[in-house]
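Throughout, a chain's letter reflects where its sequence line sits, starting with A, and its residues are numbered from 1.
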Amino acid sequence: MKKGDHLFLIDGSGFIFRAFHALPPLTRKTDGLPIGAVSGFCNMLWKLLRDARNTDVGVTPTHLAVIFDYSAKTFRKDLYDAYKANRSAPPEELIPQFGLIREATRAFNLPCIETEGFEADDIIATYARQAEAAGADVTIVSSDKDLMQLVSPNVHMYDSMKDKQIGIPDVIEKWGVPPEKMIDLQAMTGDSVDNVPGIPGIGPKTAAQLLEEYGDLDTLLERATEIKQVKRRETILANIDMAKLSRDLVRLRTDVPLDLDLDALVLEPQNGPKLIGFLKTMEFTTLTRRVGEACDCDASAIEPAVVHIEWGEAAHGPDLSAAEPEPVAGGIPEVSGESVPVPPRAKAKAAVEGAFSPADLAKARAEAFATLPFDHTAYVTIRDLATLDRWIADARATGLVAFDTETTSLDAMQAELVGFSMAIADNTADPTGTKIRAAYVPLVHKNGVGDLLGGGLAENQIPMRDALPRLKALLEDESVLKVAQNLKYDYLLMKRYGIETRSFDDTMLISYVLDAGTGAHGMDPLSEKFLGHTPIPYKDVAGSGKANVTFDLVAIDRATHYAAEDADVTLRLWLVLKPRLAAAGLTSVYERLERPLLPVLARMEARGITVDRQILSRLSGELAQGAARLEDEIYVLAGERFNIGSPKQLGDILFGKMGLAGGSKTKTGQWSTSAQVLEDLAAAGFELPRKIVDWRQLTKLKSTYTDALPGYVHPETKRVHTSYSLASTTTGRLSSSEPNLQNIPVRTAEGRKIRTAFISTPGHKLISADYSQIELRVLAHVAEIPQLTKAFEDGVDIHAMTASEMFGVPVEGMPGEVRRRAKAINFGIIYGISAFGLANQLSIERSEAGDYIKKYFERFPGIRDYMESRKAMARDKGYVETIFGRRINYPEIRSSNPSVRAFNERAAINAPIQGSAADVIRRAMIRMEPALAEVGLGDRVRMLLQVHDELIFEVEDDDVEKAMPVIVSVMENATMPALEMRVPLRVDARAATNWDEAH
DNA sequence: CCCCAACCGTA
DNA sequence: GTACGGTTGGGGG
C-alpha cells in the first residue's frame, strides 16, 4: 500500500445493527426471511464499489475489507468482567442476517476479517493506523462514536445511512473535542450500552468542558482537587480508578495480529455470476439487474446460489456470549447481594428494537397457540423431488424449519431412517397470524404385510439416494435454523448417514432451561401444556405389544398424520418457548451450557466404549456359583425353599416364620428387608440375614451388569453406546441409560471387577479424570466459608478438618470413626441435612444427630445462612439458581403439607450445589474438544463417558502424556473466564488399560 | 402387557 | 438428608 491508495474499512457487525434500526422493521423476502440489513449492506457495497462518486464519500476504494466481531471473549473482558455485560440478545430477525452478511461479503469477492480476542473496532484501528503510516487514505464505514478516536487528516469516517462524511471538524462539532481526545472523553462519560463505567454524572458536555480546561484526563485527575463544584470534585476523586479503567476499555488497540496484511486487501475484480447468484437468492431484484448490466451478464440465466454460511458467532450474531451478563465473581447474586444493574438506556433500547419485546412476544405467542386447532387434513405427503425441493427452498427462504425423523428404532445407534417431516412457518412476524404448514416425506415405507404385494417397497416414494443429498444440504445449511424436539436423537441418526446438522434449536432443551422442576420435557407433555393438544400416540400408529410394527410398515397416509403433526407441534412449541428464553434472561444458559453440549454428547455416544465380554462372562459364572452356594445355605437356615428375591416372601420368613425382632415396615405395610435392616440383624448375631445381603449383592451384580451389559454391545461397532439425557434431571446433571454407565459399581472389591471389563482398544489407554470434592468446593464458594476455603487452598483432608473444627480433635491420629461422622455431616449438608436423615445414616439417636448439626452450625454459621437463604429464595421466587444462572423451580415449596415442604426445601438447598457442579463439568466438556484440537490431539483423544464428576477418555498410548495435562487444565479451569471461584478446583487423572485401574 | 414398589448400583 | 436408572416381583387389567 502506498500514498494515493484508499483503504475502506467496513464495520460489518455495526452495520447490521444500524441497518436494522434504520430500515423498515420487517424487510423480508417473499417468504419471510428477514433480510433488511443484508439488503442495505449489499446496496451500500455496490454504491461504494461502483458509484462512489455519487455519494458524499466521493472516492473509490483501492483496498477494502469488511471487519466483524469474532466473539465477546476479548481482552476487555479480562480488564473488566462486566464489560458489555448488559447487552440484550439481538432480536430474532437479526440472527440469520449475521451469517448472510458474511456470505454477501464473500459474494462481493471481499475479505471478511475477524480475529479472536479482539473486537472489530480494534482490527479497524490497527489497519487504519498501518495504512496511515504507509501514506494512504482511509475511510472507515461506520458512525460508531467508539471509532471517532481514529479520525485524523488522513482517516475519515463515512456514515453510509446518512451518506455523510465525518472528519475532524465533524467530531469537534458533535463532541466538543478533537478526535485524539475522544478516548479521554469516553473514559469520563462511560457507555451504558457496553457497560463502560466512566465517572457517574459526567456527560459529554461536562467532559468536553473539563478537557478544554485541563487538557487531558491524566492532568484532570492529578488536579481534580482544584475543581470548584463540590459534588463534581467528590465524584471525580472517588472514581479515578474507574476513569482509568474506562480509558483502557475505550482505547482501541492498534497492535492486533492480522492474518492478512494491507496489500492483501486490494480490491479484486467482481465475479459477476457469483454475486448475481447470491443476490437472486436474496431476491434483490433491482440490485440483481444493476449488477447484471454492469458486468454485462445475463442475470436471468444465472441460478440462485445455494447460500452457505460459516458457522461460529456468525449465525447467532456477534457478541452473543456477552448478551447475557456473565455472573460476576462472587457467584449467586442473592448470596453476595450484588447484581448487575441494567442502565435505563439499555432498557429503552430494547423496547424500541422491534414491535415486541421478548416478554411481549412470548405472551402473544403463548396466547395465539394455546388453543389453535390442528388440521391433520392439511398435512402434505411429499412423494416427488420437485415438491421436496420446493419445501426445502421455502425452508431456506424463511430461514426456519422444524424437522423430525421417523425410524425403525428408539436407539439412534441402530435406527434406520424411514422418512422425515418438516414444518414451515409463514408470517412469523405476526404472532396471531403465523401460519404453519407441515409435510411428511416417506422414503422406505414397505407395503403392509397383509398387502397383496407383501413387504416390497411402497410406490411413489422419493429414493433415498435422491433425498439424502437434499436433506444434507438443508441440515448442514447454517443459514437455516433447524428446530427439533430431542434433537440429539436425530443428530446422531443423521450423523450415521453422513450428515452433520448445523444451526439448530431443541425445544426439549429450551423447555428444560425454562422450566426445570415443573414437569417432563417430552413432546407430549409440552404439547398438552402449551398447545392444549394431545398428539397422536405412537402406539395408535405403529401398534403396541405383539401387534407392534416398525415405522416402515405403517401405511404412508397414517404415517403422514403422525409425522407431520410432530413437526407441526415442534414448530409451535419453538415459537412459544424461544422468546421466553430472552424474556427470562436464560438465553446464555441455553446457548452456553445446553445447546453446545448436544453434539458433544452425540459424538460420545457414537464412540461408545469396549466391554470385554469374556471378562463379563467369567464374572457371571463366578457370581452364579456364589449365589447358588448361598441359596443352598439360605434354604437350610430358613428351613424351606422360597424366592429369595421376593421381599414379601423374605419378610414372611424372617419376621413371620422365624419371628425375628427389630423389623420395620415400609409405607405399604410390608416388612422392610432393606440392607440396613438385614445388616442390623446380622450384627445382632443372626446368620441368615448376612447371607441374604451377600446373595443380593451377587445377584444384583449378575443381573444388572455382567448379564445385561453384553446385550448392549452394538452388532457393528462391537462397542457399548449409552444414551445420555440432557433434560431428565432437575439440577442440570446428565443421566445415562441403555445401559446406564453412570452406576457401574466401584465401592466394593466384588463390584469393581465389573469395571475391569471396560477396556481400551489395543495400543490405547483409558484416561479417567475426576474432580476432587467438587460439591464441597462449590459449597465453600457459594456459602463463603473461610475455614473450608482455606482447607481447600491448603489441600488438607476436608473431612478431618471438619471433625477437628467440630470436636476439637487434632487431625493427627484422629480416630477413623470421628472422621467418618464428620464426612457424613458434610455430605448431609449438601443434601439439605435433617436430624432424622443424619441419625439414619450414622445409626445414632436423632437427638445426638441434632446436637451434631447444632454444633456444626456454630462452627460454620455461614452454612446455616446459606441454607436459609436458599429456602427463602425458593419460597420468594419459586426457584433457586446455580453459579451459572441455571434455574431450578420448586413449585411445591409452599405446600401446606409439612413433609412435602421440607422435602422441597432440602432439594432447594442441594440443587445449587449439585447443579453448579454439573454446570462446571458441562463447560469442561464443551471446551474439551476444541482445547485438545488446539494442541493437535483433536482426533487422537476421544471423550467417551461422563459420570457426574468424572470424564473418561480413550487415547493412543503415545499421546497419554500430552493429553493428561490438557484434560486436567480444561477441567480445573472450566469456570473461567466467566467466573473465578474462591476455591480452587482439583482434578485427578490416571491412565490404564481398564476403567478400574484408571479410576 | 403395563405399572408400581422395593431394592440397590452410582455421584 | 440430594440426584438418577435398572431389575425384580407382584398385582391389576
S.K.: Using only side-chain N and O atoms of A/Ser728, determine if any of them is under 4.0 Å from OP1 or OP2 of C/dG5.
M.R.: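 So the side chain of A/Ser728 is within the cut-off, an N or O lying under 4.0 Å from OP1 or OP2 of C/dG5.
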S.K.: Checking all strands, does A/Ser834 fall into the base, sugar-phosphate, or nothing category for heavy-atom contacts under 4.0 angstrom?
M.R.: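 Base: the residue A/Ser834, judged by heavy atoms under 4.0 Å, touches a nucleobase.
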S.K.: Would you please classify the geometry between the A/Tyr852 ring and the A/Phe807 ring as parallel, tilted or perpendicular, with 30° and 60° separating the classes?
M.R.: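 Perpendicular.
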S.K.: Contact class for A/Ile829 vs. all strands (heavy atom < 4.0 Å): base, sugar-phosphate, or nothing?
M.R.: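 Nothing: the residue A/Ile829, judged by heavy atoms under 4.0 Å, touches no strand.
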S.K.: With a 3.5 Å distance limit and no angle check, can you tell me whether A/Asp988 reaches the backbone of A/Asp770 through a side-chain donor-acceptor pair?
M.R.: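 Side chain of A/Asp988 to backbone of A/Asp770: no pair is present.
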S.K.: Assess whether a salt bridge exists between A/Glu750 and A/Lys753, defined as any Lys/Arg side-chain N lying under 4.0 Å from an Asp/Glu carboxylate O.
M.R.: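 Looking at A/Lys753 together with A/Glu750, the answer is yes, because their closest N to O distance falls below 4.0 Å.
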S.K.: Taking only the side-chain heavy atoms of A/Lys546 (C-beta and beyond), determine which of C/dG10, B/dC1, C/dG5 contains the nearest atom.
M.R.: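 Shortest atom-to-atom distance from the side chain points to B/dC1.
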S.K.: For A/Tyr831 and C/dT2, give me the distance from atom OH to atom C1', rounded to whole Å.
M.R.: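 Rounded to the whole Å, the gap is 6 Å.
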S.K.: Ignoring hydrogens and angles, state whether a donor on the side chain of A/His799 or A/Asn826 is under 3.5 Å from an acceptor on the partner side chain.
M.R.: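 Looking only at side-chain atoms, A/Asn826 and A/His799 do form a donor-acceptor pair, the distance falling under 3.5 Å.
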S.K.: In terms of side-chain geometry, is the basic nitrogen of A/Lys871 or A/Glu868 positioned less than 4.0 Å from the acidic oxygen of its partner?
M.R.: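 Salt bridge between A/Lys871 and A/Glu868, a charged N being under 4.0 Å from a carboxylate O: yes.
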S.K.: According to a strict under-4.0 Å criterion, is A/Arg747 in side-chain N/O contact with OP1 or OP2 of B/dT10?
M.R.: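 Result: yes.
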S.K.: Using a cut-off of strictly less than 4.0 Å, decide whether A/Arg696 has a side-chain nitrogen or oxygen near OP1 or OP2 of B/dC8.
M.R.: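 So the side-chain polar atoms of A/Arg696 do come within 4.0 Å of the phosphate oxygens OP1 or OP2 of B/dC8, strictly under.
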S.K.: Counting heavy atoms from C-beta on, name the nucleotide in B/dC7, C/dA3, B/dT10 closest to the side chain of A/Thr729.
M.R.: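 Comparing B/dC7, C/dA3, B/dT10 against the side chain of A/Thr729, the answer is C/dA3.
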S.K.: So what does A/Gln649 hit on the nucleic acid, given a heavy-atom distance under 4.0 Å: a base, only sugar-phosphate, or nothing?
M.R.: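 The residue A/Gln649 makes sugar-phosphate contact but no base contact.
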S.K.: Does C/dG10 have its OP1 or OP2 closer than 4.0 Å to a side-chain nitrogen or oxygen of A/Ser646?
M.R.: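 Checking A/Ser646 against C/dG10: at least one side-chain N or O falls below 4.0 Å of OP1 or OP2.
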S.K.: Counting heavy atoms from C-beta on, name the nucleotide in B/dC8, B/dT10, C/dA3 closest to the side chain of A/Thr731.
M.R.: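 Looking only at side-chain atoms, A/Thr731 lies closest to C/dA3.
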S.K.: Once you round it to whole Å, what is the distance between P of C/dC4 and CG of A/Leu741?
M.R.: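 In whole Å, C/dC4 P lies 18 Å from A/Leu741 CG.
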S.K.: Which part of the nucleic acid, if any, lies within contact of A/Ser736, taking any heavy atom under 4.0 Å across all strands shown: a base, the sugar-phosphate backbone alone, or nothing?
M.R.: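 Sugar-phosphate, no base atom in range.
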S.K.: Return the value, rounded to whole Å, for the distance between atom CD1 of A/Ile644 and atom C1' of B/dC7.
M.R.: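 Going from A/Ile644 (CD1) to B/dC7 (C1'), I get 15 Å.
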S.K.: Of the listed nucleotides (C/dT7, B/dT10, C/dG10), which one gets closest to any side-chain atom of A/Asn643?
M.R.: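 Closest nucleotide to the A/Asn643 side chain: C/dG10.
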S.K.: I'd like to know if A/Glu679 pairs up with A/Arg690 as an ion pair, taking the criterion as any Lys NZ or Arg NE/NH1/NH2 lying under 4.0 Å from an Asp or Glu carboxylate oxygen.
M.R.: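 Looking at A/Arg690 together with A/Glu679, the answer is yes, because their closest N to O distance falls below 4.0 Å.
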S.K.: Between C/dA3, C/dG5, B/dA6, which nucleotide has the shortest distance from any of its atoms to the side chain of A/Thr730?
M.R.: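 The answer is C/dA3, which lies nearest to the side chain.
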S.K.: Taking the six-membered ring for Trp, are A/Tyr890 and A/Phe903 ring centroids under 6.0 Å apart?
M.R.: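 No - the distance between ring centres of A/Tyr890 and A/Phe903 does not fall below the 6.0 Å cut-off.
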S.K.: Between C/dA3, B/dA11, C/dG5, which nucleotide has the shortest distance from any of its atoms to the side chain of A/Ser735?
M.R.: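 Shortest atom-to-atom distance from the side chain points to C/dG5.
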S.K.: Counting only side-chain N and O atoms of A/Thr704, is one of them less than 4.0 Å from OP1 or OP2 of C/dT7?
M.R.: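 Answer is no, no contact under 4.0 Å.
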S.K.: Determine: side-chain N/O of A/Gln676 to OP1/OP2 of B/dC8, distance under 4.0 Å, yes or no.
M.R.: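 No, A/Gln676 has no side-chain N/O under 4.0 Å of OP1/OP2 on B/dC8.
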S.K.: Just to be sure I understand the rule, does A/Gly828 reach a base, reach only the sugar-phosphate, or reach nothing, if contact means heavy atoms closer than 4.0 Å?
M.R.: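 Here A/Gly828 touches the bases of the nucleic acid.
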S.K.: Check every strand shown and say whether A/Ile830 touches a base, only sugar-phosphate, or nothing at a heavy-atom separation below 4.0 Å.
M.R.: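 Here A/Ile830 touches no strand at all.
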S.K.: Measure CD/A/Glu950 against P/C/dA3 and give the value in whole Å, please.
M.R.: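 Between P of C/dA3 and CD of A/Glu950: 22 Å.
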S.K.: From the set C/dA3, C/dG10, B/dG9, return the single nucleotide nearest to any side-chain atom of A/Asn910.
M.R.: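 The closest nucleotide is C/dA3.
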S.K.: Please report the closest heavy-atom contact between A/Thr730 and A/Ile888, naming both atoms and the distance.
M.R.: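 So the two residues come closest at O-CG1, 3.3 Å.
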S.K.: Tell me what A/Ala835 touches on the nucleic acid: a base, only sugar-phosphate, or nothing, going by heavy atoms under 4.0 Å.
M.R.: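 The answer is nothing, as A/Ala835 stays clear of every strand by at least 4.0 Å.
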S.K.: Could you tell me the separation between the NZ atom of A/Lys667 and the P atom of B/dC4, rounded to a whole number of Å?
M.R.: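 In whole Å, B/dC4 P lies 12 Å from A/Lys667 NZ.
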S.K.: Once you round it to whole Å, what is the distance between P of C/dG6 and CG of A/Asp707?
M.R.: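 Computing the A/Asp707:CG to C/dG6:P distance gives 16 Å.
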S.K.: Give A/Ala824 one of three labels, base, sugar-phosphate or nothing, depending on what nucleic acid heavy atoms sit under 4.0 Å from its own.
M.R.: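 Contact class for A/Ala824: base.
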S.K.: Counting side-chain heavy atoms from C-beta on, which of C/dG9, B/dA5, B/dG9 comes nearest to A/Thr668?
M.R.: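 Of the candidates, B/dA5 comes closest.
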S.K.: For DNA chain C, what string of dots and brackets results from 5' to 3' when Watson-Crick and G-U pairs need both distances under 3.5 Å, crossing pairs get [ ], and pairs with another strand get |?
M.R.: .|||||||||||.
S.K.: Give a yes or no answer on whether the side chain of A/His521 reaches the backbone of A/Gly519 with a donor-acceptor pair at less than 3.5 Å.
M.R.: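 Answer holds: yes.
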S.K.: Starting at CG of A/Leu776 and ending at C1' of B/dA11, how long is that distance when rounded to a whole Å?
M.R.: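 A/Leu776 atom CG is separated from B/dA11 atom C1' by 13 Å.
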S.K.: Given the rule in the side chain to side chain donor-acceptor pair (under 3.5 Å) test, do A/Thr731 and A/Gln914 qualify, once you have shown the distances and angles that lead to the verdict?
M.R.: CA-CA 7 Å; A/Thr731 55; A/Gln914 188 186 113; 2.7 Å; yes
S.K.: Find the distance A/Tyr724:OH to C/dC4:P and express it as a whole number of Å.
M.R.: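 So the OH-P distance, A/Tyr724 to C/dC4, works out to 17 Å.
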S.K.: Within the 4.0 Å heavy-atom criterion, would you say A/Ser725 contacts the bases, only the backbone, or no part of the nucleic acid?
M.R.: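 Nothing, no nucleic acid heavy atom in range.
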S.K.: Among B/dC2, B/dG9, B/dC8, which nucleotide has an atom closest to any side-chain atom of A/Ser544?
M.R.: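 Per side-chain heavy atoms of A/Ser544, the pick is B/dC2.
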S.K.: Among C/dG6, B/dC8, C/dT7, which nucleotide has an atom closest to any side-chain atom of A/Ala675?
M.R.: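 The answer is B/dC8, which lies nearest to the side chain.
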S.K.: Regarding A/Glu775, tell me which of base, sugar-phosphate or nothing describes its non-hydrogen contacts under 4.0 Å with the strands shown.
M.R.: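 Counting heavy atoms under 4.0 Å across all strands, no contact is made by A/Glu775.
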S.K.: Once hydrogens and angles are ignored, does a donor-acceptor distance under 3.5 Å link the base of C/dA3 to the side chain of A/Arg906?
M.R.: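 Per atom types, no contact qualifies.
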S.K.: Record whether the side chain of A/Asn740 comes under 3.5 Å of the base of C/dG5 through a donor-acceptor pair of N or O atoms.
M.R.: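 Side chain to base: no pair present.
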